[in-house]
Structure formats: C-alpha cells, structure tokens
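First the proteins, then the strands, lettered A, B, ... as listed; each starts at 1.
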Number of protein chains: 2
Amino acid sequence: MEDPAAPLAGLRQQIDEVDQAVLELLARRLELVAEVGKVKGRHGVPIYAPEREAEMIAARRAQAEARGVPPDLVEDVLRRCMRASYTHERNVGFTQQAPGLGPVVIVGGAGRMGRLFARMLTLSGYQVRTLDAGDWERAEEIVDGAGLVLVSVPIHDTVEVIGQLPALPPDCLLADLTSTKRGPMAAMLQAHPGPVVGLHPMFGPDVDSFAKQVVAYCPGRDLSAADWLLEQIRLWGARLHPVEAEQHDHAMGLIQALRHFSTFAYGLHLAGEDRPLDELLALSSPIYRLELVMVGRLFAQDPGLYADIIMGSPEHLDLIERYHDRFAEALELLRQDDRDGFVARFREVGDWFGSYAERFLAESRSLLAHADSSR
Amino acid sequence: MEDPAAPLAGLRQQIDEVDQAVLELLARRLELVAEVGKVKGRHGVPIYAPEREAEMIAARRAQAEARGVPPDLVEDVLRRCMRASYTHERNVGFTQQAPGLGPVVIVGGAGRMGRLFARMLTLSGYQVRTLDAGDWERAEEIVDGAGLVLVSVPIHDTVEVIGQLPALPPDCLLADLTSTKRGPMAAMLQAHPGPVVGLHPMFGPDVDSFAKQVVAYCPGRDLSAADWLLEQIRLWGARLHPVEAEQHDHAMGLIQALRHFSTFAYGLHLAGEDRPLDELLALSSPIYRLELVMVGRLFAQDPGLYADIIMGSPEHLDLIERYHDRFAEALELLRQDDRDGFVARFREVGDWFGSYAERFLAESRSLLAHADSSR
C-alpha cells in the first residue's frame with residue numbers, strides 16, 4: 001500500500017496556507033473594527049450593538065448554508081472575532097457621558113475592583129482620585145468638588161467606611177459596588193443628602209471586558225442624577241438591571257451565598273475523601289472535568305471575600321439550613337431505596353425549571369464543545 | 001458634529017467583505033481536511049494527531065504575534081475549525097481495525113448509547129446486529145458467529161441480561177458500556193469463558209463526536225483479544241483509560257453519584273425556595289448563569305438513568321451520608337460566625353486542590369469568555 005506521508009504532507013501544506021490567509025483576514029478585521037471603535041467613540045455610540053450582531057450572524061449563516069459550511073462553525077468564528085473586538089475596544093477609550101463632572105473619588109481604589117473601575121473611568125475621560133486606608137486624614141481635601149464618590153471596600157467594612165466619609169458636595173453622586181445592598185444603601189442615604197445609587201457588578205475584577213456582564217443597581221435618591229453613570233456603564237458593554245435592595249439581597253442569597261457555600265462544602269468533602277485528583281481527572285471526560293473545574297476554581301480565590309459574601313447576612317444561614325434539611329429529605333429517598341420517589345421529585349424539579357432545563361442542556365453542550373477545543 | 005452613520009456603514013460593508021472571505025477560506029479548509037480524512041482512512045492513521053495540532057497552533061500563534069493579532073484569537077479560531085473537522089470526519093468512515101471479524105451484536109442496540117456505538121461500528125466497516133427486548137427468542141441465531149457482543153442496557157438490567165445471554169462463540173469478545181463495573185465484570189466473566197473487557201464511556205449519547213472524550217476500560221480476560229476494539233475507539237478520537245473495576249467504582253462514586261445527587265438536591269432546594277428563575281437569571285452574569293446551567297441541565301435528562309447511577313451501589317449512600325455530615329460541619333462554622341475557621345478550612349481545601357485550583361480558575365475564565373460569545 002502507498003505511503004500516506006507524501007499526500008498528507010501536501011495537504012497539510014495547503015491547509016497551512018489557508019490558515020495563514022485566515023490570519024491575514026483576522027488582522028484586517030481587527031483594523032476595521034478599531035476604526036469603528038474610534039468613530040463610535042467620537043459620537044458616543046455604544047460598543048455593543050446587538051441588532052447589528054444578529055444581522056451579521058444571520059447573513060453569514062445563510063451564506064455558510066449555501067456554501068456547504070456548517071453554519072454553527074461560521075457563527076462561532078464570528079462571535080470569537082467579536083469578542084476580540086470588545087477586549088480591544090476597551091483599551092481605546094469611551095465617550096464621557098458627563099463631561100465637566102467633578103473628579104471621581106474611588107474609596108478603596110487600591111483594591112482590584114476599585115482599580116478596574118478606576119481604569120474604565122479614566123478611559124472614559126474622568127479625573128480619578130483614590131481614597132484608601134492611609135488617606136483618611138486628607139479625606140476632605142480628596143472629596144472636594146467631587147462629582148462621584150464610589151465606595152469599593154471589603155463587604156464587612158462598607159457600612160463603617162460610608163459612615164466615615166466627610167461631607168460631600170450637595171450634588172455629588174454617592175455610589176457603591178458592594179455584593180449586599182440593604183446595609184450600604186441605608187448607610188449611604190444616611191451619610192449623604194444628595195443623589196445615591198447602589199451598584200453590584202456581578203463579576204470579578206478579572207474579566208476581559210465589561211461586554212455582556214451584568215451590573216445590578218438599586219435606586220437610592222434622585223436616580224436621574226445617576227443616569228450618566230448608568231449610561232457610561234452601558235457604553236462599557238454591560239447590562240444594567242434595576243432591583244430593589246431587599247429583593248436584591250434575597251436573590252443574592254440564592255445566586256451567591258448558597259451557591260458558594262455549597263461549593264465550599266463540596267470541596268471540603270472531596271478533600272476529606274482524599275482520592276487523588278489526578279485519578280479523578282484521568283477518568284473525567286469534558287463534562288465531568290467541568291464539574292470539577294466549577295468546584296476547584298473557587299479555591300484559587302480570596303477566602304475572605306467568600307467569607308464576607310456567605311456570612312454577610314443572617315438570612316443566608318437560614319437559607320443554607322433549609323438546603324441542609326432538603327438535602328436530608330433527598331437522602332431519605334436513597335436510604336429507602338425509593339427509586340419511584342426519586343424519579344417523581346426529579347420530574348417536579350424539571351417542571352420548575354420548565355423550558356430552561358432543555359436550554360441549559362443545550363448551552364452546556366455548546367460550552368463543552370468549546371471546552372474540548374480550548375486550551 | 002458629523003453624522004456617524006455614513007462612515008459606520010462603509011466600515012461595516014468592509015467588515016462584511018472580510019467575513020465573506022473568511023467563510024470562503026473555511027469552506028476550502030473543510031474540503032482539504034475531508035481529503036486528509038480520506039487518506040488517513042485508507043491507511044488507518046488516527047484522526048486525532050496531537051503533535052500536528054500543537055505544531056500548527058504554535059506556528060500560527062507566532063505569526064499572529066508578529067502580525068499584531070492576539071495569539072489567543074488565532075488559536076481559538078483554529079481549534080474551532082479542528083473541532084468542525086472531527087464532526088465531519090465522523091461521517092466519512094474509519095479504518096476497520098479487525099477486518100474479517102464476525103458480526104457485532106449490540107444488546108440494547110435500540111437505546112441511545114447502543115445506537116451511537118452501532119453507528120460508529122458501522123462507519124468502521126463492521127456488520128452490526130442488535131438484540132433488544134423483543135429478540136430474545138432468536139438470541140442464539142443473532143449471536144451466531146459473532147466477533148463482539150456489546151451489552152448496552154439500563155444499569156439495573158445489566159447483570160440479569162448478561163446472565164441471559166446464550167453461549168457465545170469461544171473467541172467472541174464480550175464487552176459492556178455500563179456506568180458501574182464490578183457487577184457487570186463479574187457477570188461477564190461468569191457468563192463467557194472467552195475474552196472479556198468492560199467499557200465505560202464517560203459521556204452521553206448526545207456528543208458531537210468521540211474526539212477528546214474519555215472511555216474507561218477494565219481488563220477482564222485475554223485483554224489482547226480486545227486490542228482491536230480499544231484501537232478502534234482510539235481511532236474514533238477518544239482517550240482510553242485503564243482502571244481496575246473496584247477502583248473504577250470508587251472513583252465513579254465521587255465523579256458521578258455524589259456529583260449528580262448533590263445537583264439533584266440543589267435543584268430540589270431552588271424549586272423549594274421558588275424564587276422566579278427569570279429573576280435569578282436577569283441578575284446573573286455569565287459565571288452565575290453557568291452555575292445555574294450546571295444545575296438545570298440535569299433535569300432535561302432521564303431521571304431513571306440518574307436514579308440508576310446514584311442508587312447503583314450501597315457505597316454511594318455511605319459516600320453521600322459523609323457529604324451530608326461534612327456539610328453539617330461546615331454549617332457549624334456559619335452558625336458560630338467563625339470567619340477565621342472558614343478561612344482556614346478554605347485554605348486547606350485550596351492546598352488539597354494544589355495547582356489545579358488556579359488552572360481551573362483559568363479554564364473557567366476561558367470557558368466563560370466562550371460562553372459570552374456563544375449562542
């Protein structure tokens with residue numbers, strides 16, 4: 001039988017040439033998108049334009065179909081290019097929504113989240129100052145003439161720090177970035193007679209860009225005075241979601257505190273069972289690896305932050321106690337070997353998730369396919 | 001100020017032209033890769049060639065760097081193209097590792113996993129028959145002259161079904177696809193004096209392709225007689241991992257039973273707390289959406305399969321009881337408001353994860369970036 005080496009080498013050479021041509025096109029695309037960024041920046045047009053994105057994708061998918069190329073392939077490549085543009089655009093600058101605003105003071109500006117907001121605000125043309133632990137003697141001087149004071153300190157310090165703020169200019173906007181909202185909102189409304197808004201960026205300081213991230217916000221006082229800030233964050237690419245402080249905290253109990261505590265407990269258990277992680281990973285296909293990734297990733301982060309999130313409210317303890325109780329009920333199904341009971345409860349939960357269950361399965365499948373093909 | 005509409009439209013037109021050129025190159029690339037697949041198929045060369053992949057990626061990354069294009073962008077696009085090729089190649093055919101083998105009989109071949117293996121074996125040139133619930137009267141006729149009998153029935157039926165098999169040809173290979181191994185291995189070794197191997201595909205029947213998936217296998221008897229099957233699965237792109245039956249089952253307790261039960265209990269709790277899922281999702285950025293996806297996805301699947309996995313062994317109950325106890329210990333930290341204790345335990349678990357914690361954080365970040373940019 002013929003040796004496959006020569007035909008294979010020839011084909012691979014041709015594939016390499018195609019890939020190099022694709023690289024050139026990617027370079028060209030990034031140049032064009034940078035131009036778009038500049039034009040948008042000059043005119044205050046938001047970076048993220050979902051209708052244009054949807055149009056582009058639909059058009060290319062249709063052409064792919066006609067050309068015999070899997071439409072999903074074209075869409076995924078396109079979306080990956082768009083993501084590269086978001087990151088690129090972040091470094092180009094954003095139109096300043098409130099030109100002439102007094103300086104922005106970030107309290108806790110040396111922290112990672114503080115630094116992230118400092119960078120974004122600077123890229124948007126604001127004059128940014130920071131107020132950190134060693135600066136309190138000069139606090140009055142630092143907030144003099146400020147247009148925005150943004151509190152970004154550890155959760156358990158927030159209320160105290162807000163209380164320590166010197167008097168702010170009457171029309172200065174006071175805001176925070178804390179993961180809980182009832183405490184900080186009450187403290188801010190008390191500390192300052194002027195405009196107040198509470199923010200909660202639902203992401204860590206390690207994100208590539210604000211594009212498609214979520215920032216929850218609580219109106220405090222004179223919401224219209226915060227419009228420029230909300231619009232500025234929209235320009236950065238994030239989705240803003242208004243929510244009342246109490247509702248926010250209830251939701252965060254489920255979304256954050258319960259979730260992180262459960263992951264913490266699960267990690268404790270894996271460590272306690274002490275089966276070599278290497279061995280578990282060797283037996284894990286992409287879905288099972290992802291399950292382990294979602295647990296282990298927690299422990300590369302700051303324990304203090306998670307202690308604060310979980311212990312931030314006595315309601316969290318109640319919520320987690322209820323989880324422990326429900327877990328015990330589920331465990332009883334196992335003890336009784338109650339297969340029918342398990343199946344029945346499983347179906348009830350499926351009903352509660354409704355159409356999201358199938359959607360989530362499809363989303364995870366898509367994600368896992370990317371997991372297969374990512375570094 | 002000038003109207004941005006005209007310059008933007010012009011730039012978008014140019015971007016569209018670049019994207020259409022990329023589409024053409026993708027089409028060309030797929031054609032070349034299909035040719036590669038044919039050459040490889042003719043010569044029994046495995047599809048997945050990690051060294052060639054690594055070389056290609058390194059070369060294009062270096063060129064991207066020189067061209068001012070983010071290397072990660074080029075790598076991700078390349079990997080997405082390679083993934084498209086795996087799916088494509090699946091439909092082209094695979095070299096038959098055991099030409100002249102007697103027919104393959106898939107017991108439970110009407111089930112989803114059975115159908116998947118039937119398709120892959122057919123694409124690899126084998127003659128495939130199925131033996132399902134209604135075929136038992138003709139079982140002897142069906143297994144006559146068989147080279148492989150592959151058992152793919154629900155977990156709780158497996159041992160019984162193996163026991164019901166008629167006598168197989170002496171050199172026929174008997175194998176299974178069950179998620180537990182001790183029971184099926186013992187049953188197979190008892191039911192057949194010839195070659196026996198246990199398989200456990202660590203993925204569901206919904207996968208795009210076998211590429212990069214994991215199949216655990218337990219040597220039973222005359223492992224060399226199973227070489228062709230293991231090599232065939234490697235040709236399909238999967239990674240084979242040998243493991244002893246008891247070790248396998250212990251590991252699966254952690255990897256599967258504990259994980260799925262925990263997710264089931266968590267879903268039960270979310271449903272019980274009954275906060276509108278829409279609201280939770282509206283407040284969820286990509287990382288938090290992913291946490292919900294990993295829970296909800298379970299409930300779009302077959303409750304019976306998960307009942308079987310979780311209740312498949314009394315050891316699972318013990319393991320899950322221990323989790324419940326450890327959860328209670330962790331809960332005590334909260335009840336005592338023991339922040340220092342929490343932080344100390346958190347760090348211990350971090351030590352147990354070792355360098356995987358950081359790796360997992362990086363992997364999830366990469367995955368989430370793809371989540372942002374996928375459908």
Taking the six-membered ring for Trp, are F299(A) and F360(B) closer than 6.0 Å centroid to centroid?
no
Options E279(A), E321(A), Q14(A), ranked by heavy-atom pairs under 4.5 Å with chain B, top entry
E321(A)
What one should report as the nearest heavy-atom pair of L25(A) and V18(B) is O-CG1, 3.6 Å
So which of E17(A), Q256(A), H200(A) has the biggest tally of heavy-atom pairs under 4.5 Å with chain B?
Q256(A)
Euclidean distance, L254(A) CG relative to H269(B) NE2, rounded to 0.5 Å
6.5 Å
Atom pair CG (L277(A)) and CH2 (W352(B)), whose distance is rounded to the nearest 0.5 Å
4.5 Å
Could you measure the distance from the OG atom of S284(A) to the CE atom of M252(B)? Nearest 0.5 Å is fine.
7.0 Å
Less than 4.5 Å to any heavy atom of chain B: does that hold for the side chain of E329(A), its backbone, both, or neither?
neither
For the atom pair NZ (K212(B)) and CZ (R289(A)), what is the distance rounded to the nearest 0.5 Å?
12.0 Å
What residue in V69(A), V293(A), I287(A) has the most heavy-atom pairs under 4.5 Å with chain B?
V293(A)
Tell me, for Y288(A) versus chain B, whether the close heavy atoms (under 4.5 Å) come from the side chain, the backbone, both or neither.
side chain
NZ/NE/NH1/NH2 to OD/OE distance under 4.0 Å, E358(A) and R297(B)
no
Part of I57(A) within contact of chain B (heavy atom distance under 4.5 Å)
neither
For the student: nearest non-hydrogen atoms of Q301(A) and L361(B), plus distance:
NE2-CD1, 3.7 Å
Closer than 4.0 angstrom, basic N to acidic O: yes or no for R52(B) and D16(A)?
yes
Rounded to the nearest 0.5 Å, the CD1 atom of I255(B) sits from the CG atom of L281(A) at a distance of 8.0 Å
Nearest heavy-atom contact between M202(B) and L283(A) is CE-O, 3.1 Å
Check the pair E31(B), R67(A) against salt bridge (charged side-chain N to carboxylate O under 4.0 Å, His left out), reporting the backbone distance first and the verdict last.
CA-CA 11 Å; E31(B) 283 159 18; R67(A) 189 65 187 78; 3.7 Å; yes
To the closest 0.5 Å, what do you measure between CG (L280(B)) and NE2 (H250(A))?
12.5 Å
Do R326(A) and Y266(B) meet the cation-pi criteria used here (NZ or CZ under 6.0 Å from the six-membered ring centre, within 45° of the axis)?
no
Against chain B, label F353(A) side chain, backbone, both or neither, depending on which of its atoms sit under 4.5 Å from a heavy atom there.
both
Less than 4.5 Å to any heavy atom of chain B: does that hold for the side chain of A362(A), its backbone, both, or neither?
neither
Taking the six-membered ring for Trp and the single ring otherwise, decide whether the centroids of F327(A) and Y323(B) are under 6.0 Å apart.
yes
For the pair R339(B) (side chain) and G304(A) (backbone), establish whether a donor and an acceptor sit closer than 3.5 Å, ignoring hydrogens and angles.
yes
Heavy-atom pairs under 4.5 Å with chain B - which of L23(A), V74(A), V77(A) has more of them than the others?
L23(A)
Quick one: closest heavy-atom pair of L30(B) and P70(A), and the distance?
CD1-CD, 3.5 Å
L334(A) versus M311(B), closest heavy-atom pair with distance:
CD2-CE, 3.6 Å
Portion of R322(A) that has a non-hydrogen atom of chain B nearer than 4.5 angstrom:
both
As a quick check of understanding, evaluate side chain to side chain contact (heavy atoms under 4.5 Å, CB included) for F346(A) and L268(B), giving each step before the final call.
CA-CA 8 Å; F346(A) 193 105; L268(B) 262 181; over 6 Å; no
Structural part of R239(A) lying under 4.5 Å from a heavy atom of chain B
side chain
So which residue, R345(A), H248(A), R29(A), H156(A), ends up with the most heavy-atom pairs under 4.5 Å with chain B?
R29(A)
Honestly, the part of V243(A) sitting under 4.5 Å from a heavy atom of chain B is side chain
Chain B contacts, top residue of A216(A), A328(A), G68(A) (heavy-atom pairs, under 4.5 Å)
A328(A)
Of all the heavy-atom pairs spanning V214(A) and S285(B), show the shortest one and how long it is.
CG2-CA, 3.7 Å
Output yes when a side-chain donor or acceptor of R12(B) lies under 3.5 Å from a complementary backbone atom of M56(A), and no otherwise.
no
Set out, in order, the CA-CA distance, both residues' side-chain angles and the distance that settles side chain to side chain contact (heavy atoms under 4.5 Å, CB included) for L368(A) and L367(B), then state yes or no.
CA-CA 8 Å; L368(A) 286 168; L367(B) 209 67; 6.0 Å; no
